[in-house]
Structure formats: structure tokens, C-alpha cells
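None of these values were measured; they are calculated from a predicted model. Lettering of chains follows the sequences in order, A, B, ..., and the numbering in each one begins at 1.
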Amino acid sequence: MKAIANGAAFAAGLVLAVLALPAGAHAFLHHADPRVGSTVAHSPAQVTLQFTEKLEPAFSTLKVLDAAGKEVDAHDLKVEGVSMRVTIPSPLDPGKYRVQWRALSVDTHVTDGEFTFEVGR
Amino acid sequence: MEAALTLVRAVHFAAVIVLFGQFAYAYAVAPDGRMPPRFRAVAAASLGIAIVSSIAWLFLEASHMSGLAMGAAWQAGAVGTVLTQTHFGNVCVVRLVVALVAAGAVFAMDSGRSPVARALGALAALFILASLAACGHAAAGSGAQGAIRLTADAFHLAAAGAWLGALVPFAALLARSTNAAGDLARAHGAARRFSTLGAASVVAIVFTGIINARYTVQTLAALTGSRYGIELLVKIAIFVAILAIAALNRWRLTPRVATTLAGPAALRALRLNTMLEIALGFAIVAIVGNLGITMPPAHH
């Protein structure tokens with residue numbers, strides 16, 4: 001009986017220890033700079049996206065498009081750990097810009113999405 | 001695409017489990033400590049299926065990752081990119097190399113009389129199985145958290161594979177056993193040792209399973225409120241059913257197998273139960289084939 005009680009206490013301890021572990025996260029957009037849907041006063045020099053999980057550089061993409069759908073970034077995507085970024089070679093005119101992304105996480109899940117930001121006058 | 005990936009993954013997991021089970025059986029269950037009869041044929045078939053399904057899995061992932069149809073992905077060189085530039089592809093290469101090492105070891109083994117080749121084969125088979133952890137959701141973590149998840153998943157796979165994999169040659173032993181006293185005694189001994197292996201596996205499976213679920217599911221609401229959660233619940237329900245059968249085998253049937261009077265009937269029941277456990281075990285493997293590509297609720 002004592003062995004069973006000890007075993008149960010041990011198992012309960014293990015379960016509690018496991019439940020106390022930090023929770024995991026995955027490759028969804030965590031935050032962006034410029035922020036999603038924001039209006040910025042000046043043209044950003046780069047667009048940076050932070051994700052909730054490590055990314056694979058190989059099949060991840062990030063594009064910044066103007067209102068006419070023309071790509072305005074420098075096609076120089078850099079993927080490092082959980083973040084990806086492109087630089088903006090020449091200052092953006094005031095207006096709305098669309099950011100399109102596709103993220104491949106290291107556990108092989110593909111996620112994608114888009115958002116806009118605005119450069120103010 | 002999803003159906004194909006599920007199928008290929010399930011077939012791959014099953015083949016790798018059957019391969020590892022041959023070794024687990026020899027070390028922990030076999031009455032004579034030897035590899036099961038027809039080991040070479042089983043190992044060759046399971047290794048062949050494991051390698052072919054691994055390559056099919058790679059092609060499907062190349063299509064999935066690149067967002068291109070299979071033919072277009074091949075033409076665009078996506079398969080090479082996956083192999084050389086992604087975590088999944090790198091793991092795939094290492095696992096294929098180790099599969100070839102396992103094949104060499106199996107070839108070098110001579111009905112269990114070459115302990116070094118056997119140990120090498122067992123380690124290679126264990127690696128091919130446990131490294132599947134690096135192909136799934138557990139690969140996503142980083143730092144200490146990532147290490148915990150990977151380790152837990154690797155142990156989960158090894159424990160489940162030892163149990164389910166060894167069940168196959170164990171069932172074959174029971175099928176070969178006649179009602180002669182010598183056969184019954186041998187079956188009894190093997191059943192006892194199998195129960196010990198099973199008990200150790202259950203402890204490891206439950207503990208590491210809780211760790212994995214803690215990361216992929218996180219809340220109880222997510223368990224019933226997502227497809228991933230429901231598939232996991234079905235998996236756990238089948239596991240509980242296997243546990244019930246295993247308990248019946250351990251405490252009711254196994255002690256009777258050794259007795260002259262009740263032995264033959266107990267052996268028949270044990271045979272049937274073992275087949276049922278194998279069927280349920282591989283049903284779990286089929287679910288695992290899909291779970292690995294289903295978005296866990298923790299991702300939302």
C-alpha cells in the first residue's frame with residue numbers, strides 16, 4: 001500500500017513539474033515593424049516581421065507592395081531565427097502599402113498572411 | 001496531399017517500429033535471447049519500406065513547402081533545396097544514412113551470433129525511430145524548451161516502438177507454441193518478460209506523452225475544441241483499451257499459461273488478445289501519421 005502511495009505521489013509530482021513547463025509557440029506573426037495596420041510618419045528603412053517559431057529561410061518569403069501592386073522592397077529577404085526582414089531601398093511616398101508573407105516553420109508547417117501599413121503625409 | 005502525407009508517414013512509422021521491435025524482442029522478450037525467426041526477411045522488408053516511404057515523404061514535403069505541384073517542385077529543384085537547406089531535409093539525410101548502416105548490420109548478423117553487429121543494428125534501428133521526433137512538432141522549440149520537447153518525443157517514440165514492435169514477434173511466438181508443456185512454459189516466460197517491457201514502456205509513454213501534449217495542446221478546452229485535440233483523445237482512448245487488454249494478459253492469462261489444465265485455453269486467449277493489441281497499436285500509428293501534419297491548437 002505504501003509503495004502505491006509513494007508511486008502516486010511521485011507520478012503527481014512529475015505531472016505537476018510537466019504542467020509548470022513553459023508553453024510552446026509556433027510560426028504565426030508575433031509582431032511587425034511597421035506595426036500591422038499602423039500609420040507611420042516617415043518611410044521605414046526596412047520591414048521586419050517577428051514570428052512565434054523558428055523559420056526555414058529556404059521557403060519563407062516577404063514582399064512589400066505599393067497600392068499598384070508593385071514590389072517596393074529590395075528583394076533582399078533575410079531570415080534569421082524567428083524573424084524575417086527586407087530593406088526599402090528608396091523612401092516610400094505617402095500611401096498604403098501591403099506586406100505579404102509566407103512562413104515555413106522548422107516543423108514543416110506553412111503559414112501565410114498579409115497586412116497593410118500607411119506612410120503618412 | 002494531406003491524405004498522401006498521412007499515409008506515407010503512417011507507413012514509415014509502422015515500418016520503423018516493426019524493425020526496432022525485432023531487436024527489442026531479442027533483447028527483452030525472446031526465450032533464447034536470439035533474434036526472432038525470419039528476422040532477416042522482416043528486417044529487409046521493413047527497412048526497404050522505411051527507405052521508400054522516407055523518399056516519398058521527402059517529395060511530398062518538397063511540394064508542400066514550395067507550394068508547387070509535385071512535378072513542378074521537382075523541376076524547380078525544391079527536393080534538393082529541402083534536402084540541403086531545411087531542418088527536415090537534413091534530418092531526412094541523416095536518417096537515410098543510418099538506415100543504410102542498419103541494413104549493413106542486418107546483413108552482417110548471423111542469427112544472433114554476432115553481438116557487435118546486433119548491437120549496431122539495434123542502435124541504428126533505435127536512432128531511425130527516435131529521430132522521427134526531429135521531423136515533427138517537437139522540432140519547433142528552441143533552447144531548453146526545444147531540448148525537452150525533442151527528448152520527450154524521442155523517448156515516446158522509442159517506448160511505443162519497443163512495445164508495439166516487439167508485440168509482432170511475440171505474437172508469432174504464441175502462434176508457434178503448441179499445447180505441449182515445454183511450449184507453454186516458454187510462452188509463459190516470454191509473456192512475463194513482455195509484460196515487464198510493456199510496463200516500463202507504459203510509464204515512459206504516459207510521462208512523455210503528457211510533456212508533448214503540454215506543448216501542442218496546452219489547455220483542456222483545446223483538447224475537445226480542435227481536430228488535433230480530438231484525434232489525440234481518440235489516440236489516448238485506444239491506448240487505454242490496449243492497457244486494459246495488457247492488464248488482463250498480465251494478471252489473468254499469463255499466470256494460467258504455465259498451468260497444465262488451463263494452459264491451452266489461456267494461450268489461445270493470449271494469442272487473440274495479442275493480435276487485437278497489434279491491430280489497435282497500428283491504428284494509433286495511423287492517427288500519428290495525421291497528427292504530425294495537423295495544426296496543434298497551441299499554434300492558433
CZ of B:Arg192: more than 12 outside heavy atoms within 6.0 angstrom?
-> no

Minimum heavy-atom separation for B:Thr86 to A:Ala58, with atom names?
-> CG2-CB, 4.0 Å

Looking only at heavy atoms, which two atoms of B:Gln85 and A:Glu56 are closest? And how far apart?
-> O-OE1, 3.5 Å

Assess whether atom CZ of B:Phe282 is packed by more than 12 heavy atoms of other residues, nucleotides or ligands within 6.0 Å.
-> yes

Tell me, side chain or backbone of B:Thr294 under 4.5 Å from chain A's heavy atoms, or both, or neither?
-> backbone

Interchain contact, B:Ala78 with chain A, by part (heavy-atom threshold 4.5 Å) | both

Of all the heavy-atom pairs spanning A:Thr108 and B:His64, show the shortest one and how long it is.
-> O-NE2, 2.9 Å

Which atoms of B:Val82 come close to chain A, meaning under 4.5 Å heavy atom to heavy atom: side chain ones, backbone ones, both, or neither?
-> both

Write down the atom of B:His87, the atom of A:Val106, and the distance for their closest heavy-atom approach.
-> CD2-O, 3.9 Å

